[in-house]
Student: 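Questions regarding the structure given below will be posed in turn.
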Amino acid sequence: SYAAEGHYGVTVQVRDLSGIQTVATSAVTVLDSPPSGPTPPRSTPITGGDANHVWVVNPDNNTVTLIDTDTLTNEFEVPVGADPRSIARAGTGEIWVTCHDADRLDVLSAADGSLLTSLSLAYGAEPYGIAFSPDGSVGYVSLQGSGQLLRIDPVSRVVTGTLALGFEPRAIAVSSSGDRVLVTRFTSPESHGEIYDVDAAIFTLTRIITLAKDASPDTSNGGRGVPNYLGGIAITPNGAGAW
């Protein structure tokens, strides 16, 4: 048992009758109140297909690969639009891909990776992040070029909302309740970092969360300055914060 939450190292030592000893170590995370409910979704270049597969985008090859996680082999690799950056599975089971340089979204069959349809976006939109609500019924796409966030119905494949955020929105995280969407500003202004906080119910920018400039001394594994190039964001399983 543990007195407090935290990350702990565990070591097990086993000795057989001949005196040969084996040592194994592992790490455990201890939570006072284990999180319940769905994991908060987020945009990512790799996503689960099922219990034994993952999908991965290949930006330098303009393809998407399905990998068997048991055998560590490629099931197949299929072409998509230029410069795919993020991939997500909708509630319909379809695989959605943001094609940054092609200004479009590609929708693939989860069975064989075949292209079901492409959703063309405005020139220079530069779609980057994509994430669906926990139940998969609503999709969100960040447009890094035009500074907008799209809301999409994965069943009809129709854009149901367009929200102006600001400069270079990129990574997306959705709360486990589905009521909030956090989007990173990729390149920060000179004085601070920024996170766009969106109310999903009314699809409105609630506020801009600022990340303070770090003025502490440089260390061997960190440096002072402004939080910049914010390429990823994830909400903690208990919903208490985001990283």
Side-chain angles (χ1 to χ4, degrees), residues 39-134 136 138-152 154 157 159 165 167-174 181-187 228-235 243:
T39 300
R42 61 188 178 93
S43 57
T44 172
I46 178 172
T47 192
D50 53 38
N52 309 99
H53 294 86
V54 293
W55 294 80
V56 184
V57 295
N58 308 306
D60 58 347
N61 206 36
N62 301 330
T63 60
V64 166
T65 302
L66 180 67
I67 299 173
D68 187 313
T69 57
D70 289 331
T71 62
L72 300 182
T73 56
N74 294 347
E75 292 282 334
F76 51 74
E77 183 174 351
V78 295
V80 291
D83 196 19
R85 291 304 185 102
S86 297
I87 189 168
R89 189 184 185 101
T92 58
E94 298 167 341
I95 305 301
W96 288 60
V97 184
T98 59
C99 304
H100 182 267
D101 288 0
D103 292 325
R104 79 185 200 201
L105 306 175
D106 281 357
V107 183
L108 310 179
S109 165
D112 57 10
S114 59
L115 181 64
L116 300 177
T117 190
S118 291
L119 280 67
S120 296
L121 304 174
Y123 177 77
E126 298 180 2
Y128 200 99
I130 183 169
F132 288 91
S133 58
V138 182
Y140 302 96
V141 178
S142 61
L143 305 184
Q144 187 172 336
S146 59
Q148 298 170 312
L149 182 69
L150 298 183
R151 184 181 60 196
I152 296 177
R157 302 171 184 163
V159 175
L165 293 182
F167 190 69
E168 287 193 327
R170 196 163 194 176
I172 301 172
V174 184
V181 181
L182 301 181
V183 186
T184 66
R185 170 175 168 165
F186 182 58
T187 305
N228 196 26
Y229 291 163
L230 303 181
I233 186 170
I235 297 175
W243 290 80

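As a basis for the values below, the full set of heavy atoms in this structure was taken, side chains included, without hydrogen atoms, waters or symmetry mates. Computed from a predicted model, the values in this text were never measured in an experiment.
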Student: Test side-chain hydrogen bond (donor to acceptor under 3.5 Å, both in side chains) on T63 and N58; report intermediate values, then the result.
Tutor: CA-CA 5 Å; T63 60; N58 308 306; 2.9 Å; yes
Student: Does the side chain of I152 reach to within under 4.5 Å of the side chain of L105, using non-hydrogen atoms?
Tutor: yes
Student: Can you name the residues that form a side-chain contact (heavy atoms from CB on, under 4.5 Å) with R89, not counting sequence neighbours?
Tutor: W55, I95, A110
Student: Can you tell me if F76 has over 12 outside heavy atoms packed within less than 6.0 Å of its CZ?
Tutor: yes
Student: What residues form a side chain to side chain donor-acceptor pair (under 3.5 Å) with S109, not counting sequence neighbours?
Tutor: D112
Student: Over all heavy atoms of both residues, which pair between Q148 and S146 is shortest? Give the atoms and the distance, please.
Tutor: OE1-OG, 3.0 Å
Student: Do P134 and P40 have side-chain heavy atoms sitting under 4.5 Å apart?
Tutor: no
Student: Return the minimal non-hydrogen interatomic distance between A90 and P154, and the atom names on each side.
Tutor: CB-CB, 3.8 Å
Student: Find the distance between CD1 (I235) and CG (L182) and round it off to the nearest 0.5 Å.
Tutor: 4.5 Å
Student: Which residue pairs pass the salt bridge (Lys or Arg N to Asp or Glu O under 4.0 Å) test when at least one of the two sits in residues 54-77, sequence neighbours left out?
Tutor: none
Student: Can you name the residues that form a side chain to side chain donor-acceptor pair (under 3.5 Å) with T92, not counting sequence neighbours?
Tutor: E94
Student: Using the side chain to side chain donor-acceptor pair (under 3.5 Å) criterion, which residues pair with Y128? Sequence neighbours excluded.
Tutor: R85, R170
Student: Not counting sequence neighbours, list each pair that qualifies as a salt bridge (Lys or Arg N to Asp or Glu O under 4.0 Å) and has a residue in residues 40-57.
Tutor: none
Student: Quick one: do W96 and L119 satisfy side-chain contact (heavy atoms from CB on, under 4.5 Å)? Show the steps, please.
Tutor: CA-CA 10 Å; W96 288 60; L119 280 67; 4.1 Å; yes
Student: Please identify each residue that fulfils ring-ring contact (aromatic ring centres under 6.0 Å, His included) with Y140, with sequence neighbours left out.
Tutor: none
Student: Under the 3.5 angstrom rule, does the side chain of T44 hit a backbone N or O of I46 as a donor-acceptor pair?
Tutor: yes
Student: Which atom names give the shortest non-hydrogen contact between P127 and C99, and what distance separates them?
Tutor: CG-O, 3.5 Å
Student: Only pairs at least two apart or in different chains count here, so list each salt bridge (Lys or Arg N to Asp or Glu O under 4.0 Å) that has a residue in residues 96-109.
Tutor: R104-D106
Student: So, taking the atom named CG in L115 and the one named CG in L108, what distance separates them when rounded to the nearest 0.5 Å?
Tutor: 6.0 Å
Student: Between I130 and I172, what is the shortest heavy-atom contact and its length?
Tutor: N-CD1, 4.1 Å
Student: With sequence neighbours left out, what residues match T187 under side chain to side chain donor-acceptor pair (under 3.5 Å)?
Tutor: E168
Student: Not counting sequence neighbours, which residues clear side-chain contact (heavy atoms from CB on, under 4.5 Å) with P84? List them please.
Tutor: V57, N62, V80, V97
Student: For residues A131 and V174, report the shortest heavy-atom separation together with the two atoms involved.
Tutor: CB-CG2, 4.2 Å
Student: Quick one: are R151 and V138 in side-chain contact, heavy atoms under 4.5 Å?
Tutor: yes
Student: Can you see which heavy atom on G129 is nearest to which on S43, and at what distance?
Tutor: CA-CB, 3.8 Å
